[in-house]
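Working notes, structure below.
Numbered from 1 within each chain, the chains take letters A, B, ... in sequence-line order.
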Protein chains: 2
Amino acid sequence: MSIVKSPARRRRAPEIRRQNPEAVRQDILTVATAEFAENGFSGARVDEIAARTRTSKRMIYYYFGDKEGLFVAVLEAAYARIREIESGLDLAGLPPMEAMRRLAEFTFTYQNDNPDFVRLVMVENIHRGSHLARSAKIQALNVSVLQTLRETYERGVADGVFRPGLDIIDIHMTMSALAFFNVSNRSTFSLIFKHNMGSRTALTRRRQAVAETVLGYLRR
Amino acid sequence: MSIVKSPARRRRAPEIRRQNPEAVRQDILTVATAEFAENGFSGARVDEIAARTRTSKRMIYYYFGDKEGLFVAVLEAAYARIREIESGLDLAGLPPMEAMRRLAEFTFTYQNDNPDFVRLVMVENIHRGSHLARSAKIQALNVSVLQTLRETYERGVADGVFRPGLDIIDIHMTMSALAFFNVSNRSTFSLIFKHNMGSRTALTRRRQAVAETVLGYLRR
DNA sequence: CAGAAAATGTACGGAACTGTTAATTTCGCT
DNA sequence: AGCGAAATTAACAGTTCCGTACATTTTCTG
């Protein structure tokens, strides 16, 4: 899938170059992320992405092959970003209950602050994960989340604060679902129930409720 | 929005007619529902819908104006369907805890059995609810859900089995989120965690976990 | 500095799509 | 029976949009 190699073999004066493949690639990715998140895969326009870029449409096809290739790259980059930040949480130092609350609240806050990520995942699910299926990196990236979760859960069981016998995947799914839905379904939900889910107070309250819900499921 | 009147004024031999506006309308709606759910709004093709219909493309424009009008009609019909079935649940006769469990399990099961509905809602959320915003019916349809939920919750508080002070919307949101996510994010989630969320046993287990989670949040 | 490879700009082909025009058939009513 | 309205058909106009062909410039290698 990667057409371009890392340009680490040139010898000198790397700063003076007029051409800058990596920057061009990144520029395209940034613009494409916004466009795909806003309009979905079919709704996104390659011409529109090209227009908002500092480069031309020709470059999109040069680096990413076609529209689908571009979307795959966008998805990979988005997942890489969230996992990188997520792995920075230091949960091992906290008591299990606190650690779980922290993880739940982080998940909620991150997704709320990064609606583009949520929207990209929605779009990819509409397409039945067909693009993500091509990426080998994805799975490796996400193993760590379960690892952290498992460790925290088992500490909690040993301490007697969590009930035993639960499935790690279930716990993760519950956290993700509650955090995700708050962003993904905000439009229809707010519309139908005339309830502004995006306001500062609503978010604080909901984050609290989500954490409570997760902990309630775990608590002995 | 309704262009066609109910054709109840003809006198005899209604079965022998060659023209049948209501059937044509319904035929279009059924086909369009599948197409929009499968491919999203932008991905859906009017020509494709027309081809799978017993009628022609011109009829789509005749009855629904344009592609957006067709999508609005599809959404309205989908919501009407789910709410109709939902209102058939008789929760007032059950003790509060049982009633809540029943509601949570129904929500889970319905959404699982009707992925097209879930997908249409996803699509509409990608479009920020712009289509649903035109429909006045939608809000009225959903008031009843909150009504039922409120009544059940208050009975539970009076009985001392639910803790007081909770927000009805929060409860509904939690139920919806857990049920919805299980369908909406199945593709990416299953892919990333190599966990088949669609299998019979996984569904039974998860439905149980979802009910537990909701009740855990409510329990005193 | 030459020659190769990488990167980029321009312009356009042609398929895919939405929506329309105009003409025809069927229906409801008196 | 016959008229006006509703329903339906067929063909197509006008865009939009993905992807490419071709040419050119820039950078790298030896």
Side-chain angles (χ1 to χ4, degrees), chain A residues 2-29 31-32 35-36 38-74 131, chain B residues 2-29 31-32 35-36 38-74 131:
Chain A
S2 84
I3 299 165
V4 187
K5 302 211 168 192
S6 166
R9 41 189 154 142
R10 84 193 96 74
R11 263 179 210 152
R12 37 169 206 182
E15 312 84 4
I16 314 173
R17 284 173 313 147
R18 316 234 181 99
Q19 290 185 358
N20 192 344
E22 237 9 81
V24 168
R25 239 185 101 93
Q26 190 52 56
D27 184 21
I28 293 171
L29 273 182
V31 174
E35 173 79 3
F36 281 123
E38 184 59 34
N39 303 313
F41 179 76
S42 311
R45 299 294 164 228
V46 176
D47 282 326
E48 182 64 23
I49 294 171
R52 294 194 188 168
T53 298
R54 255 171 272 115
T55 183
S56 67
K57 186 167 63 163
R58 178 67 185 76
M59 287 293 90
I60 293 173
Y61 288 93
Y62 184 68
Y63 284 120
F64 301 101
D66 58 7
K67 191 180 177 182
E68 291 206 11
L70 177 58
F71 186 58
V72 172
V74 163
H131 307 99
Chain B
S2 85
I3 299 165
V4 187
K5 302 210 168 193
S6 166
R9 39 190 156 139
R10 85 193 93 75
R11 261 181 213 152
R12 37 171 204 181
E15 312 84 4
I16 314 174
R17 283 175 313 146
R18 318 242 176 95
Q19 291 187 358
N20 193 343
E22 236 10 79
V24 167
R25 239 186 101 93
Q26 190 50 56
D27 184 21
I28 293 171
L29 273 182
V31 174
E35 173 78 5
F36 281 124
E38 184 58 35
N39 303 313
F41 179 76
S42 312
R45 299 296 165 227
V46 177
D47 281 330
E48 183 63 24
I49 293 171
R52 295 194 187 168
T53 298
R54 255 171 269 116
T55 182
S56 68
K57 183 167 65 162
R58 183 63 186 82
M59 285 294 90
I60 293 173
Y61 289 93
Y62 183 68
Y63 283 121
F64 301 99
D66 58 8
K67 191 180 177 182
E68 292 206 8
L70 177 58
F71 187 57
V72 172
V74 163
H131 307 99

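- Summarising the geometry of B:A32 relative to B:V74, their closest heavy-atom pair is CB-CG2, 3.8 Å, with the distance given to 0.1 Å.
- Rounded to whole Å, the distance from CD on A:E22 to P on D:dT27 is 16 Å.
- Put simply, CD on B:E35 is 14 Å from C1' on C:dT18, counting in whole angstrom units.
- When all heavy atoms are compared, the tightest approach of B:A50 to B:S56 is CB-C, 4.2 Å.
- Nearest heavy-atom pair, B:I60 versus B:I49, reported as atom, atom and distance to 0.1 Å: CD1-CG2, 3.8 Å.
- Side-chain nitrogen and oxygen atoms of B:T55 include none within less than 4.0 Å of the OP1 or OP2 phosphate oxygen of D:dT8.
- Rounded to an integer number of Å, the gap from CG of B:D27 to P of D:dT8 is 11 Å.
- Note: B:S42 OG to B:F71 CZ = 9.5 Å, rounded to the nearest 0.5 Å.
- When each of D:dT8, C:dG19, C:dT8 is scored by its nearest atom to the side-chain atoms of A:Y63, the top-ranked nucleotide is C:dT8.
- Dashed line: the shortest gap from a side-chain N or O of A:Y62 to OP1 or OP2 of C:dG9 is not under 4.0 Å.
- Under the rule for a salt bridge (Lys or Arg N to Asp or Glu O under 4.0 Å), B:R45 has no partner lying at least two apart in sequence or in another chain.
- Within the structure, every pair that satisfies the salt bridge (charged side-chain N to carboxylate O under 4.0 Å, His left out) test and touches residues 55-67 of chain B, not counting sequence neighbours, is listed here: B:D47-B:K57.
- Contacts of A:D27 classified as side chain to side chain contact (heavy atoms under 4.5 Å, CB included), with partners at least two apart in sequence or in another chain: A:V31, A:T53, A:R54.
- Atom CZ in B:F64 sits roughly 14 Å away from atom C1' in D:dA7 (whole-Å rounding).
- To the nearest 0.5 Å, atoms CD1 (A:I28) and CZ (A:R52) are separated by 15.0 Å.
- Rounded to whole Å, the distance from CZ on A:F36 to P on D:dC18 is 9 Å.
- Using a 30° and 60° split on the angle between ring planes, A:F36 and A:F41 fall in the parallel class, below 30°.
- Proximity of B:S56 to the phosphate of D:dT9: a side-chain N or O atom is located under 4.0 Å from OP1 or OP2.
- For the pair A:M59 CE and C:dG9 P, the interatomic distance rounds to 7 Å; values are reported in whole Å.
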Detail all sub-3.5 Å separations between protein N/O atoms and N/O atoms belonging to nucleotides 20-24 of chain C.
unit_1: C:dT21; atom_1: O4; unit_2: B:R58; atom_2: NE; d: 3.0

Is there any protein nitrogen or oxygen under 3.5 Å from a nitrogen or oxygen in nucleotides 14-17 of chain C, and what are the pairs?
unit_1: C:dC17; atom_1: OP1; unit_2: B:R45; atom_2: NE; d: 2.7
unit_1: C:dC17; atom_1: O5'; unit_2: B:R45; atom_2: NE; d: 3.0

